[in-house]
Amino acid sequence: MGVPDHPNISKSEAQEPMTDPAILLSLSNITKRFGALVANDAISLDLRKGEILALLGENGAGKTTLMNILFGHYVQDEGTVRVRTNGGNMTALPPGSPGAALSAGVGMVHQHFTLAENLSGLDNIRLGTEPLLSLGRRATARTRIKSIIAESGLEVDLDRRVADLTVGEKQRIEILKALYRDARVLILDEPTAVLTPQEAEGLFVVLRRLAANGLGVIFISHKLGEVLAVSHRIMVLRGGKKAGELTTAEADRRSIADLMVGKAVAQVTRTPGRAGDPLLELDHVTLAKSGSRSAVADASFTLRAGEITGLAGVSGNGQAGIAAMLSGLAVPDTGIMRLFGAPVTRADPRRLVQQGVARMPEDRQHDGVVGTMSVADNIAIEEIRSPGFSRFGLLDNNAMRARAESAIAAYDVRCPGPDAEARLLSGGNVQKLILARVLEREPRIILANQPTRGLDIGAQAEVHRRILAARDRGAAVLVISEDLDELFALADRFLVIHAGDVVDAGPADALDRATIGLLMAGQSHTTEPLAQ
Amino acid sequence: MDILLDIFASANFWAAAIRIATPLIFGVLGALICERAGVLNLGIEGIFVAGAMAGWLAVYLGAGLWGGVLIAALAGAMFGLLHAFLTVILGLSQHVSGIGITLLATSASYFTYRTTLPDVSSPPRIAPFQPIAVPGLSELPFIGPALFQQTLFTWLALALVAVVAFVLYRTPLGLAIRAVGDNPASVEAQGLSVRGLRIGAVVIGSALMALGGAFLTMSAFDAFFFGMVNGRGWICIALVVFASWQPGKALLGALLFGAFDAFQIRLQAEIGQVVPGQVFLMLPYLLSILALVLVARKADYPRALLQPWTKGQRH
């Protein structure tokens, strides 16, 4: 989509930024350092009335830091934030004061929602808007919020506890919070990361409507497609610096990708796999919902040696259940799971690992490493009882250090050394640590759950290369991912999961994104056979 | 069976139950306010002692009964401020700080008592709060003596239950306190001060705890003894969980405990020759553990309880 009827954008090019009356917000030369890291390096930005500005960049490019400074969560080291007041003048915001940002009409929807889950939506919106030592104005608040809902299309049940709302509804409450405070600038940090494609489309409709009513919107994202779909103007950050700025009309995928990455990253190319013996089979397996883990309704598939199977699906459709069974954390309620031909009847992660299953968990920081333990401990942790690392029940620290040192070198884990605490490592380096832990044993089955989520393009390529190399050595791999590009880069075959049902979509070469998308949305492919 | 009937049919028993429950009502309300804001206050046991000593001493030195109540509340608020400084401002472990405050407040109270009154052998007495017979109502059969012959201090506790419930559920301040105990980020994002709310809640909550102690020396008894608080603070910590952090249920929990305790005293008098007295002393605590096991497994803890908040922390 191109730039809509928007005279301000073209006109403003000729004007002095500060005197253009359409400018709502102006950041100039913002610099922020965290220790030695320069998260923002002299970044300037203007936002105009009725405009959707996309702030695009890879993880770690400094997008969220910049917005946290604008909103007063962080204090910048240099630079100023100016906002147009009701009187029409641009005034500087005091650094580090969310209260000041709020009252100046800046609203922010964080990636991690800032909602009190024990309160209703209505109370979350009211919070902080009425004098603390008063009786409050609940009824008046409700009337006003209802009219904002009617105007913006942000439908949501105001009286339910936030804990009982869906992610999409929570996000609508967050946007309502900002609008209720008369926000004239709305910042959304990675708003689609948690949404289904349909919910995301609904959000875009709302944002266009809000912009048409005169709101200025900053939309933070690292997804090219949605940025092109929803924004009027794009600003690209890279490594804490402004890498470029362009109107969406003149932008294309190629040019923006180059700006984001800065250099051409060697693409990993997949050669066809040679499928061998079945190593793991699921036969009409079910697994009940448990906690936040959604149910597996009917899963039948086979993982074969020398083949990568990709499991596509919208998050929360049963992937976690599949992953739990393959990790040895759960056994099927009904149906049979066979590992190397033998049924698995007991959840026994240690035995599973000994048999040659490698696990790369979805939440690698939380489930993949013990943050307060050292890199060396974390690398040895799955084999701590093997003779290599312990003798008569006592740890052999020298062996563990030696192993860690060779792993750090071989897998390029960037860290101060084997004794560094794992929590200090970046996401990409944690993933490399996990690769070093599990791949060194030459596993026969590999579960890679969201293997590159949150990693930069360089680390992504490295992880992909390692997974492909393990396959070529004869491992059976299951890659679970929400990123279709990643699955097409790796998978020899596709499975699609929807509402707990796993569908075999067949060889990757015979598939395209549209077909997978339909299956992800739950439409069965009855019209024509896709597989074989 | 007859013994049980006799006990439950006596108005005296119910009056005692309410009297025993009163300090617990103060304590459990105080702990509830702290925890609703996300701060566990294990200083409660020591703050009880401090309140008992400070209130009593103030009255003994001539401050008058209500003056004593005020002094006790101030003493509690002071220790609350210390706990808030350590846990909210410095972000230290709430467990460690709370236990430390219990030790400090207890010792400081005994120290003050001993140094102020170095020469007394038996504890001096004050004129405590007297039961107020509510005209008319106290004449009612059974209910009259049980409910309407309590001291004003007990009425204060009952009134505070209503006040705390009202503030918590019906005012913007209560909204903010409930929010800051669930997700401090929600409060900060709406421009309120996480620290301000938490410090305020801990100070007010600690003042209420101290009133629980003051009730012991100024209404239930008329003197200050060593060891007189005797675990009442810890019981309140358990009662808050039992009450699911709700003032109404907190009142119910305190009354239940009071009834158990009054019951065991009477049972002991009746069949004390057959069963050792220690068994009866155990009874209320055993029952509160049992109640906790039944209730607390499903307890809906304030999500941010025990978590320190640092402004601008990286998520």
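We use all heavy atoms of the structure for the numbers below, so side chains are in, but hydrogens, waters and symmetry mates are not. Order of the sequence lines sets the chain letters (A, B, ...), proteins ahead of strands, with each chain counted from 1.
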Considering only heavy atoms, which portion of [X] lies under 4.5 Å from any heavy atom of chain B: side chain, backbone, both, or neither?
{"X": "A:R181", "result": "side chain"}
{"X": "A:L135", "result": "both"}
{"X": "A:F113", "result": "backbone"}

Under 4.5 Å, heavy atom to heavy atom: which of residues 172-183 of chain B reach chain A? Give them by number, or say none. B:P172, B:L173, B:L175, B:A176, B:R178, B:A179, B:D182, B:N183

Going through the checks in order, is the side-chain contact (heavy atoms from CB on, under 4.5 Å) test met by B:V187 and A:T114? CA-CA 8 Å; B:V187 169; A:T114 57; over 6 Å; no

Side chain to side chain donor-acceptor pair (under 3.5 Å) partners of A:N124, counting only residues at least two apart: none

For chain B, find which of [options] contributes the most heavy-atom pairs closer than 4.5 angstrom.
{"options": "A:K177, A:R126, A:E130, A:M108", "answer": "A:K177"}
{"options": "A:A101, A:P131, A:A116", "answer": "A:A116"}
{"options": "A:A178, A:S134, A:G136", "answer": "A:S134"}

Can you tell me how far apart CG (A:L115) and CD (B:Q190) are? Round to the nearest 0.5 Å. 9.0 Å

OG-CD1 distance between B:S186 and A:I173, expressed to the nearest 0.5 angstrom: 12.5 Å

Contacts of A:K32 that satisfy side chain to side chain contact (heavy atoms under 4.5 Å, CB included) - sequence neighbours left out: A:F34, A:N40, A:T65, A:I69, A:Y74, A:D77

Validation row: A:H73, B:E188 side chains within 4.5 angstrom (heavy atoms): yes

Are there residues of residues 362-372 of chain A whose heavy atoms fall under 4.5 Å of chain B's heavy atoms? If so, which?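 From residues 362-372 of chain A, none sit under 4.5 Å of chain B.
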
Do other residues, nucleotides or ligands put more than 12 heavy atoms under 6.0 Å from [X] [atom1]?
{"X": "A:K289", "atom1": "NZ", "answer": "yes"}
{"X": "A:R160", "atom1": "CZ", "answer": "yes"}
{"X": "A:R161", "atom1": "CZ", "answer": "yes"}

